[in-house]
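In the text below, chain A, chain B and the rest are named by the order of the sequence lines, each starting its count at 1.
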Number of protein chains: 2
Amino acid sequence: MAKDSSAAKAPGKREEERRRAILRAAIEVFSRKGYQGCRIADVAKEAGVAYGLVYHYFQNKDELLESVFEAGWSWFLARVIEAAGKGNTFDERVESVVGVAFESYRRDPKAVKVLILEVGRSPSGGAVNRGKAFAHVIQLASQLFEEAQRNGELKPDHDPKLCAAMFFGAIEMGLTGFVMGFIDRREDTLLAAQRQVTETFLRGVSPGTQRTLEAAWTSPKSSSKPKLAKRA
Amino acid sequence: MAKDSSAAKAPGKREEERRRAILRAAIEVFSRKGYQGCRIADVAKEAGVAYGLVYHYFQNKDELLESVFEAGWSWFLARVIEAAGKGNTFDERVESVVGVAFESYRRDPKAVKVLILEVGRSPSGGAVNRGKAFAHVIQLASQLFEEAQRNGELKPDHDPKLCAAMFFGAIEMGLTGFVMGFIDRREDTLLAAQRQVTETFLRGVSPGTQRTLEAAWTSPKSSSKPKLAKRA
DNA sequence: GCTCGAGTTGATTCCAGAATCAACCGAGCC
DNA sequence: GGCTCGGTTGATTCTGGAATCAACTCGAGC
């Protein structure tokens, strides 16, 4: 309580590294086994650390997993904020947000996988609410879109919130294609995907052209009777 | 083994109903608590049935959960296939696929929630591979897009697989907006969303207009250094 | 009415794996 | 050298909840 402060060599840097190692290991195991399959023992082994030490650094399993998510997400969020403020035009901003997402995936696919697999899953009771984190980006992006709308860079009759949702949806699924291995992860395919996502979205959303598609809108076709549960 | 066949009154219809009830209860609990929070005891209680009975109808927890997913997904898949074959033009088909998705949500939001929260979030090890199921729709949609491409209804330089991924991504996230409560679930908002998703996607993907956006493509901006794990 | 067996029950068993904790370092300090 | 004290260890304990199973219910057939 009155030791480091100045001298010595490591003002707690060592512990910091340990913590990192554990987090990193958690990401690894997590991305392999998923939330429920992620055992503390595995994390400890992966990190090359004793079982008990995990509990020295983290209150419990939930806090650990939460930290994994938190760390990844807050980092991503920061990047998105930065990117969204960078370009001058709407197009540029959208472009750089997409860039951030793909770049993240390039650098650390495992971490992105964890985020992708876990975002959206919010067992309302358990752990922290990922929904909240998620809501945050959507909120953020909405602002971007609202502004664009004011500047006439976005169709005025679109709901910004929904635009935001679709935007990240397109990005997420695009990446999911890679995460799941539908598309092999090569620099050229990645680049093409990044480009395609940006282009498609911008084209889809800009007030430029309207390809008349006015069919029987107002009361969509809809199909027949849905309902779940069938089989036996 | 030699009883029903013809006479009597119920050739096992009773059991069928029980099974249904349990499945239905599972969907309920599942959508409330998520995969890992879904306890057999809860399902049994929800179904108004004894704990043990669940095991009479299902081998084990995994099989139950798998059935939940399977039932929902196969139903959805069938609808999509049907919808994709319905319209004559590409636009109409896309429109009706979107319609199927939204209609499903209207009818059974709980079930859709389960699918949305669970599709793609597959702990590669655990349970069945949702990835496979997921791959299936993507595959399916790809065909639709490939055909459209041959007919010049879709930009020729786009990857159909990626288009498919983006397509479902946009739909999924659009619905997620409702599932998570960002947008309140009213008929008008739903309708508007459905419309917007369709329109945006079609506009984004059709060869009609190209809003030049050629910036420094080929080497995307990218931001700075990524990497996960920070905080302390 | 009695028998048989499928459907049904819930207390009991069993175990994976989370969380605990007492003992064990090893580096500074007297 | 002895002492302190935080980081570190892993065997031990504890627990939630999955899976089992012996007993009960009830309708159909004799």
Side-chain angles (χ1 to χ4, degrees), chain A residues 1-26 29-30 32-68 123 125-127 232, chain B residues 1-26 29-30 32-68 123 125-127 232:
Chain A
M1 223 201 229
K3 183 186 59 172
D4 50 88
S5 301
S6 50
K9 63 156 185 266
K13 251 186 65 181
R14 185 68 167 294
E15 292 100 76
E16 191 50 28
E17 267 166 44
R18 287 299 212 174
R19 195 193 168 88
R20 282 291 176 82
I22 294 174
L23 259 177
R24 195 66 226 168
V29 177
F30 204 0
R32 266 205 310 270
K33 310 278 197 67
Y35 186 102
Q36 72 154 338
C38 176
R39 274 163 294 160
I40 295 289
D42 295 339
V43 173
K45 198 194 296 176
E46 175 76 34
V49 134
Y51 190 103
L53 198 61
V54 174
Y55 284 91
H56 179 69
Y57 287 102
F58 300 89
Q59 195 75 29
N60 53 36
K61 189 182 174 183
D62 266 354
E63 196 201 295
L64 169 61
L65 261 25
E66 200 41 52
S67 296
V68 167
Chain B
M1 220 202 232
K3 183 187 58 172
D4 50 270
S5 302
S6 49
K9 63 154 184 268
K13 249 186 65 178
R14 184 70 167 293
E15 292 100 75
E16 190 49 28
E17 267 167 45
R18 287 297 213 177
R19 195 194 167 87
R20 285 286 178 84
I22 294 174
L23 257 178
R24 195 66 225 165
V29 176
F30 205 1
R32 263 204 312 271
K33 309 277 197 68
Y35 186 103
Q36 71 153 339
C38 177
R39 274 163 296 162
I40 296 290
D42 295 338
V43 173
K45 199 194 295 175
E46 175 76 34
V49 133
Y51 189 102
L53 198 62
V54 175
Y55 285 91
H56 178 70
Y57 286 103
F58 299 88
Q59 194 74 30
N60 52 37
K61 190 182 173 183
D62 267 354
E63 196 200 296
L64 170 61
L65 260 26
E66 200 40 52
S67 296
V68 167

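Taking both residues in full, the closest heavy atoms of R18(B) and Y57(B) are given as CB-OH, 3.5 Å, listed atom of the first, atom of the second, then distance. Residue C38(A) comes nearest to K33(A) through the heavy atom pair N-CB, 4.1 Å, listed as atom of the first residue, atom of the second, then distance.
Using a 4.5 Å heavy-atom cutoff, the side chains of F30(A) and V43(A) are not in contact.
The CG atom of D42(A) sits 16 Å away from the C1' atom of dG10(D) (whole-angstrom rounding). The distance between atom CG of L53(A) and atom C1' of dT8(D), rounded to the nearest whole Å, is 6 Å. We find that CD of E17(A) is positioned 16 Å from C1' of dT8(D), with the value rounded to whole Å. Regarding K45(B), its NZ atom lies at a distance of 15 Å from the P atom of dT9(C), rounded to whole Å.
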## Note on the structure
Reading nucleotides 17-24 of chain D from 5' to 3' and marking B where a protein heavy atom lies under 4.0 Å of the base, S where only the sugar-phosphate is that close, and - otherwise, the string is SBBB----
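Rotation axes derived from the C1' atoms of the five outermost pairs at either end of the helix from dG1(C)-dC30(D) to dC30(C)-dG1(D) lie 10° apart, to the nearest 10°.
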### Message
Between F58(A) and L65(A), does the side-chain contact (heavy atoms from CB on, under 4.5 Å) criterion hold? Intermediate values first, please.
### Response
CA-CA 9 Å; F58(A) 300 89; L65(A) 261 25; over 6 Å; no
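Look at R18(B) and you won't find any side-chain N or O under 4.0 angstrom from OP1 or OP2 of dG7(C). At least one side-chain nitrogen or oxygen of H56(B) sits closer than 4.0 Å to the OP1 or OP2 atom of dG7(C). Between Y57(A) and the phosphate of dG7(D), there is no side-chain N or O to OP1/OP2 separation shorter than 4.0 Å.
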Run the side-chain donor-acceptor check on residues 47-55 of chain A: report pairs under 3.5 Å with partners two or more places apart or on a different chain.
none

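Residue pairs satisfying the salt bridge (Lys or Arg N to Asp or Glu O under 4.0 Å) criterion with at least one member in residues 43-61 of chain B, sequence neighbours excluded, are listed as follows: R32(B)-E46(B).
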